[in-house]
Every structure is written in C-alpha cells, then in structure tokens.
2 protein chains.
Amino acid sequence: MNQDAPKPIPPRRPLTLRDVSEASGVSEMTVSRVLRNRGDVSQATRERVLAAAKRLGYVPNKIAGALASSRVNLVAVVIPSFSNMVFPEVLMGIGSVLDSTDLQPVVGVTHYKPERAEKVLYEMLSWRPSGVIVAGLEHTEAARAMLSNAGCPVVEIMDVDGEPIDSMVGISHRRAGRMMAEAIAGAGYRNIGFAGTKMPLDHRARKRFEGFTAALAKAGLEVRDREFYAGGSGLAKGREMTATMLERTPDLDFIYYSNDMIGAGGMLHCLTEGIDVPGRIGLAGFNALEMLAAFPKKLATMDACRREIGEAAARIIAERTASGDLAGEGGGTRIELEPVLALGDTLKRS
Amino acid sequence: MNQDAPKPIPPRRPLTLRDVSEASGVSEMTVSRVLRNRGDVSQATRERVLAAAKRLGYVPNKIAGALASSRVNLVAVVIPSFSNMVFPEVLMGIGSVLDSTDLQPVVGVTHYKPERAEKVLYEMLSWRPSGVIVAGLEHTEAARAMLSNAGCPVVEIMDVDGEPIDSMVGISHRRAGRMMAEAIAGAGYRNIGFAGTKMPLDHRARKRFEGFTAALAKAGLEVRDREFYAGGSGLAKGREMTATMLERTPDLDFIYYSNDMIGAGGMLHCLTEGIDVPGRIGLAGFNALEMLAAFPKKLATMDACRREIGEAAARIIAERTASGDLAGEGGGTRIELEPVLALGDTLKRS
DNA sequence: ATGAAAGCGCTAACAG
DNA sequence: CTGTTAGCGCTTTCAT
C-alpha cells in the first residue's frame, strides 16, 4: 500500500481536537480556530490542519463546544402534530429562513396534550437552545414559567388572540371565523352547519368557532347543526360527516368545516351525490391547502399564512440571536398576519 | 407577602445545580442524584431537593450532563423532505416508538441534495446522537465515511435495494415497480405511460421505474409515453400531466404515477372529463395515502409501509441503545417489508 | 446515604 | 499569528 496516501483509520473512540492537533503538529487551540474559521491563521497551518482533520475523519464535539462557549445553534420548535399539512408547512417556512444562518431547528411534537408540551419543552430547554418557537398562546402554568425563564427569544406562533410571553406571529382565528361568517351570511345563506374536530385543546379551532358564532349572532343567525370527529383521514371523515348532517338536517344550506381536508371531503360527497354547490348548499373550509386547486370545484377557504408565519418567527429568532438580544429588550415583536378569504366555487358571491 | 410561599425568582443567568444545592442545603452531587433518580437518597433529602428545584424553576443543563456522561438521548433523523405526507408518516412511526423511551428524535432535511445531506449529517453527528436514521442507501463518500464512524447505531430506511452501512429497514422499490408492472400487464393494458417527478436524485423513484420497465420488457412491452414535473402541488400537476399525455398519445390505456398525489390528480382529470376508468384507461399511484379512500374512485396503489418503517427503525435504535451495543456487534439488522398492492377501482382485475 | 475531587472536549481570554 | 491557562456544569469514581 502506498504510504503517502494513508487511509482514514476507523476510530474506536471518537476523535478529539487533540488527535487532530497531534496529527498536524499544531496546538489544539489553533486547530479549533481553523475548524471554526475564527481569528487569523496562516494559510499554511490552515491547510495542514484541514488535511489532518479530513484524513482522520474528525467530527467536532458540539457538546463540549457548546458547554465551553455557552452558544448552541439549536432552535426549539414545539408543534402539536405532524398529521395534517399545516405544521409541516410552518416547518418549511422556518427551515427556509434558518437554512441561511447556522441555526438548526429541532422539532418536538405534543399531540395537543398540555402535559406532553410541558415535557417536550423541558427536554428541549435543557439543551439551552438559541430560541424557542411554540405553537399557540395557551400553556400550562409550568410551561409558561419555563418559557419566561428560557433566557432566549421565545416566539409564539399561529395565533394572536392573547398576550404573548415575548414575541408572537400569527393570525387572529376569532377574526378568521368572523370573516367567514360574514361572507356566508352576506351571501344569503341562513341554515348553517359546522363540522370540526373533537378537540377541546385545539384552541385555534375553538377561537375560529367562537368568532364564527359571534358574527352569525350579530346577523341574527345561529349554527343549526354541528358534527365532530376524531382521528382518521380528514377527507373520508368529511364525506361521512356531510352525509350525516344532510340527512339529519335536510334544510342546511351551508357547512363550515374547521379544515380544508374535511371540507374537500364534503365537497366530494356533494359532487358524487349530484348536490348543487353552491346553489343548494355552500361549503367552506380553512387553511387554503394548495391541494384544493386540483379539485373540480375550488372550496371556499381562508389562508392561514402558515409558511409566512414560520418564516417570520424564524427571522425574529435569527435577528435576536445575531444581535445578542437574548432577553428581548425591545419588548418582543408582534406580527399579525391577514387571513385572506378565498371564495372559490363553493360560496355564492354576495 | 407570605414568606412561607416564596415566589420563583426569574433568574438573570441560567440556574445551575449549585443554585439548587445552596437553596436546599444539600451537596451538588446529591442534588444530581435526586434529579436523575439515581442511587440511594433518603426520602427527606429527596423532597427538600425537589422542592428547591421546583421553586427556583431549575432546568438541568443537558449539555454539561452529556459531556460528563458521554450519553446523549438524541436520535438523528435525516429525511429528504417534508412536503408530501410520506416522511411525516415515517416520523410519526419513529415518534410513536421513541415516546416510550427517553430518546428524542431530531430531524434534519436534505431537499434531496447530497451536499446538504452531508452538511446536515455532520451537524447532527457533532451532537453525538445515540443513533442515526437516514433515508436511503445512496450517500456521498464523505457521508458514508461519517456514518461508518458514527460510533452509534445507523439505520438506513425506506429502501433495501443495496448494501447498508449497518442496519436497514424498507421495501424493495425495484420489486414494487415490478409488481405494479406485472399487475398492469396481467390486466391486459398495453399502451402504458409513466408520470413522475423530475428528480434524478430520488433514487427510490428511479428504482421503481427501473423495476417497472424491466418487468414490462419481460412482457414484451415498453413505456409508450412519459412526463415529468418539478415542484408545485402534486394533485394539480397530476391533472395537467394527464391531460398533456392523453393529448400527445391518445391511445394510452394506462398511466403509472410515481406517487399518489399526482395519481389522484390524474384520476380527478378523468372523472371530470368523463373518461372511463379503468375501462378506457387504467391508473395507478404509489404510497397508499390514506386520503385516497375518500375519492369517488379508489386509485390503485402500493403501500410503502411508511409508518412501519419508522417504527422498526426506531426499535432498532432503542434496543441497541438499551443494550449498549453501539458498534453493532450483531452485524446489523435487515428488515425487508412487503409492499402491498391495492388494485382499488382504477386497475381492471385480470 | 452523602460528599470531594477529577475530569468530559472544547473555547474565552490572555500572553507571547 | 500561535500557544497557555482556566474553566463551562455536570457526572464518574472513590471516600466516608
């Protein structure tokens, strides 16, 4: 074997800076500088070190680095679920912004359970992240205490109906519900049903519903029928629920769905049953899933600005991290995005 | 204010074990023992410590803990994308298994770019995770080197057409493509088209296509037309591509789609255009998305066992971590799952 | 059952 | 430009 081209030797124990130092004949400190592109190092030394590190297959130990520097390039992201497309889209927004920094998102999932949220948060904060992005404004007392003392920027996302701990980015779900109710009532629908998820802990869905009923009340209307589901495919459930409601309350002339998946399912039901939409019955969902564009009829919906929310939240963390403003001296940023109504083909123009 | 119920004082600097030690009058070491449920500590001391920790709002510093113990409860998960439902489902499988351990998944996304995969991997390995789960068997040389030397269990998932570095869990995409081709040819279709994503780096899609064409060839057939797309909503793209192909090659009697979203789009196109499916033309997708169940017609598809793959991979990591078998003395586990064909309503029974 | 001492692998701060 | 010296906050190990 050619001695001038030594093969990397698979290490038994993880390599340390010291190994690279010895292999390159340069002090640990200088190796550290080269590897982090910090300070002035001569081109010659730099190359020697890089060559040695590469040949050995050295991967720095961020744990030690983080402990020594008390800097951690992790951003904790706490979301309730992966299952519908809404949070993946928020994550994509976060990722697209953080990709151009050296920050890295770390995701924790709570399944809409406050006690899990507490645990996930505790776990993540114990890694001393550079920032926290958490869905929603409602937290247990313990979670709120942890967030207040996190010692890093905290951005609560999705919702702006409440007081943030630090910063918040989102839409007003009450307003979203209200806007939809006004559009529906304004278009002349009178016998309105609601289909949603069986989730007392989905505060945003609850707020939309509250805004919805409040605005209906103002128009002298109330929800004529409602149906809730848990688990399973949204699309299929939407079909079932729609069938159920139309049978139970035949004179319904509108159904407001708490998300686009069940809304699209309801629309499919009407299409296959030959029910005239939006004449005989109008339909609307929530989220503005891209998917809707492909259906024969476009469901009325409302854009929740998911990607933008992720981007804005990540930007807040990135900026505060860059400026070293850990405590949020500025008093925290508040960004309310505008949910945009899309009438589509399932809500009569008023 | 009641002096017996002192309020937690928001700390300027993160609290340390020492703070809890001083507040409780117990040595740091004992505090550490209590907080980790390790060793014997008297009930009285335990309570004092717990009370102090809670009152102060102490959150342990895992960075220091990990450095001292060289134990990290993180599992690195490297996936190409969040955008379709396939990887979120894998993540749910992983999560469901790790939730009952003290391991925590950390997700990195590569966007199907080898150079990003390398960077993400380097970044994650530098946190010395307890295990790595990475999608696919194809890696750059550098990535392969890092994985080989990771010093922890490495599970390559989704695909089994190749040699794993350590363990692998997945299906054979070549075989999946072959099975579908056999079903299609067996049902009597002869003018077969293919619609897929413009992704030379999606090796699994490529392997399915290879298996597909190989099996067609064996039946004396070849792909009559093909169409590729990039980006955008799958559903909408599926419609467009289908329209395009049917115009260009009117005698097509089957289209095989590389995923269910575009397949469902194609099906919607046929439904709205009144094209007889599966008589005039047959359709099939891939993934067995739950969503398909809600459409008026069920698309023929193949289950890629996404959730099961996630679960099995997580189980391998969890077991190896529990048994301390970091190096994979057992030689690595190989699990090939069986993709299940679902004919649905869009592929004639043979 | 509890404590004291010695690092884990790296980086900040300072010295040359 | 490069090296030296102290820790970072915790856990391991060994006393007591």
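For the numbers below, each heavy atom of this structure counts, side chains included, while hydrogens, waters and symmetry mates do not. Sequence lines set the chain letters: A, B, ... in the order given, protein chains first and strands last, and positions in each chain run from 1.
An OP1 or OP2 oxygen of D/dT2 is reached within less than 4.0 angstrom by no side-chain nitrogen or oxygen of A/Thr30. Note on A/Ser42: every side-chain N or O is 4.0 Å or more away from OP1 and OP2 of D/dC1. Not one side-chain nitrogen or oxygen of B/Tyr58 sits closer than 4.0 Å to the OP1 or OP2 atom of D/dG9. Taking side-chain N and O atoms only, A/Arg33 has no distance below 4.0 Å to OP1 or OP2 of C/dC10. Side-chain nitrogen and oxygen atoms of A/Thr45 include at least one within less than 4.0 Å of the OP1 or OP2 phosphate oxygen of D/dT2. Between A/Arg71 and C/dA12 there is a side-chain polar atom (N or O) within less than 4.0 angstrom of OP1 or OP2. For the OP1/OP2 pair of C/dG3 and a distance below 4.0 Å, the side-chain nitrogens and oxygens of B/Ser27 include at least one atom meeting the criterion. A close approach under 4.0 Å does not occur between any side-chain nitrogen or oxygen of A/Arg36 and OP1 or OP2 of C/dC10.
Atom-to-atom, CG of B/Leu67 to P of D/dT11 comes out at 11 Å; the value is rounded to the nearest Å. The separation between A/Met29 atom CE and D/dG3 atom C1' is 9 Å, rounded to whole Å. For A/Arg48 and D/dC1, the CZ to P distance is 15 Å, given to the nearest whole Å. For the pair B/Asp40 CG and C/dT2 P, the computed distance is 9 Å after rounding to whole Å. With rounding to whole Å, B/Arg38 atom CZ is found 17 Å from C/dT2 atom P. One atom, CG of B/Leu17, and another, P of C/dA4, lie 14 Å apart when rounded to the nearest Å. A/Glu28 has its CD atom 20 Å from the P atom of C/dC14, to the nearest Å. Taking atom CZ on B/Arg18 and atom C1' on D/dC10, their separation rounds to 12 Å, with Å as the unit.
When heavy atoms are screened at a 4.0 angstrom cut-off, B/Ser69 is found touching the sugar-phosphate backbone but no base atom. Note on A/Asn61: only backbone sugar-phosphate atoms sit closer than 4.0 angstrom, heavy atoms only; bases stay farther off.
Looking only at atom types and distance, the side chain of A/Ser42 has no donor-acceptor partner in the side chain of A/Arg46 under 3.5 Å away.
Within the 3.5 Å criterion, the main-chain N or O of A/Val154 finds a donor-acceptor partner in the side chain of A/Asp166. B/Ser70 places no side-chain N or O within 3.5 Å of a backbone atom of B/Leu67 that could act as its donor or acceptor partner. Proximity of a side-chain donor or acceptor of A/Asn149 to a complementary backbone N or O of A/Met146 within less than 3.5 Å is not detected.
Checked options B/Ser167, B/Pro153, B/Pro164; the residue passing with B/Thr333 is B/Ser167 (criterion: side chain to side chain contact (heavy atoms under 4.5 Å, CB included)).
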